[in-house]
Amino acid sequence: MRNFLLSLLLFALLAGAVWYGAGKLEGPEVAIASPKAVMGHASPLDVTVNAPPDRLDRLEIAVEQRDQSYPLFSLSNRGGATVTLEGNGTRVRGTVGRRNVPALTQAPARLVVRASLTVLFGLRAVDTVTTQDVEVRLVPPQIAVTSLHHFINLGGSEVILYRVKPADAVSGVRVGDIEYPSYPASGAGIPNADPSLRVAFFAVLYDQATDTPISVFARDAAGNEGQAAFDHRVFPKRFRSSRIQLQEGFMERVVPAILQNTPDFQVPNPNDVLDAFVTINRDLRRQNAEEIAALAQKTAPKILWQGPFKQMVNTAVESGFADHRTYFYQGKEVDQQVHLGFDLASLPHSPVLAANRGQVALARYLGIYGNCIVLDHGMGVQSLYGHLDTLDVKEGQMVDRDQQIGTTDVTGLAAGDHLHFTMLLHGHPVTPIDWWSSQWIEDRIVRKFREAGAKLPPT
Ligand SMILES: [Zn+2]
């Protein structure tokens, strides 16, 4: 009997210790990935708890503001959020903001996550409370366009100046579904420009309609977006069509050289020279366009160029911007492409000079462009030089206008010795005719900077 009582006492003590110890266990870890500092009308909610859903006794998410608590999510009432098992954790994704909590006002608030985990064979639970302070922002950023008269040639470029508040909003110009980023006006040589003044270069691409919607947008960190229309006119342009007769000798020269210099690119049937040519002309052309577009990420946030861009001298224009080309072989149509640059022919191995001041963003073999150089002129403006022989510059190097960067040749998809020249705006080919024109540079770009008080860039 005494032994029995002692055992009972020991068991009770042990059970008590385990019970007490289990209560001392850490609750589940909670990570609030979003919202971070701010939330708006419908900001992303992204919360992960490091326990699988079946071990969670409770998971509740609420928003607190001015001593009021507004429930947002619980395991039994998910409020439209989705719950997924991520590794060994439970992830809740949905939205949080004024849309789910209409009582929220533009003031500080707090996201509160309460999670409890069952321990001791489900007999006890341990709790965690994790909070994130957030600022509720409900008013979209304010935009005021300051530059006047925006005229754009189809396939061409333009610049706009505007003010945005708050100054940390992400803003730019949207043309159809393409967004062009903006940069602080100080990068355009406007002295003492406050951070709210922004500069954005944008384009209406050759294949966009002249009535494509164009507006300035600005998004804050809470996801509020403001838009502003501005006065603009797009002038239609007609682009030429041309027919190219493919010769076997040409294809037998260019196809093996391109494949040899582009080991990552495979053609299904390298022995069929026409099939290999068409695959290069279509698929490698597209792949090269993507590689070129990615160079826009490297652009400087300030204007590096000065005055009009220079067209290569003493050249015959063999092909213009956005010429629509139809390719024929032995009388049959085999492909169609758009030529997004100028072909300028002079004497073989003529020097190629930088069209303007800039930094070398690319200097290497690039598929259909052969030996190729791309110069970055800042704020998304770049120029490309293709089919070169020698590459006289290295990536990262600064070059001056008229500095020799290479010589012409027939590398890549070139039938004869010439320079392929393209102007790019945030990775999109635009007509260089604008950039070659001193009048266009003065009227469309420099005038707007001068009206904003800029002393630079000098013409
Ligand atoms: Zn070309």
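Bear in mind the structure is a predicted one, so any value in this text is a computation, not a measurement. In listed order, ligands and their atoms are each counted from 1.
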> Using a cut-off of 2.8 Å, how many protein N, O or S atoms lie below it in distance from the Zn ion (ligand 1)?
Replying inline: 3
>> Under a 4.0 Å threshold between the charged nitrogen and the carboxylate oxygen, would Arg325 count as salt-bridged to Asp335?
In response: no
> Cut-off 3.5 Å, side chains only: do Ser157 and Asp434 have a donor facing an acceptor?
Replying inline: no
> Taking the six-membered ring of Phe73 as reference, does the NZ or CZ atom of Arg78 fall below 6.0 Å from its centre and within a 45° cone about the axis?
Replying inline: no
> In a check of salt bridge (charged side-chain N to carboxylate O under 4.0 Å, His left out) between Glu291 and each of Arg285, Arg286, Arg364, which one passes?
Replying inline: Arg364
>> I'd like to check the ring-ring contact (aromatic ring centres under 6.0 Å, His included) partners of Trp440; sequence neighbours left out, ordered by chain and number.
In response: Trp435
> Is the shortest side-chain N to carboxylate O distance from Lys448 to Glu442 below 4.0 Å?
Replying inline: no
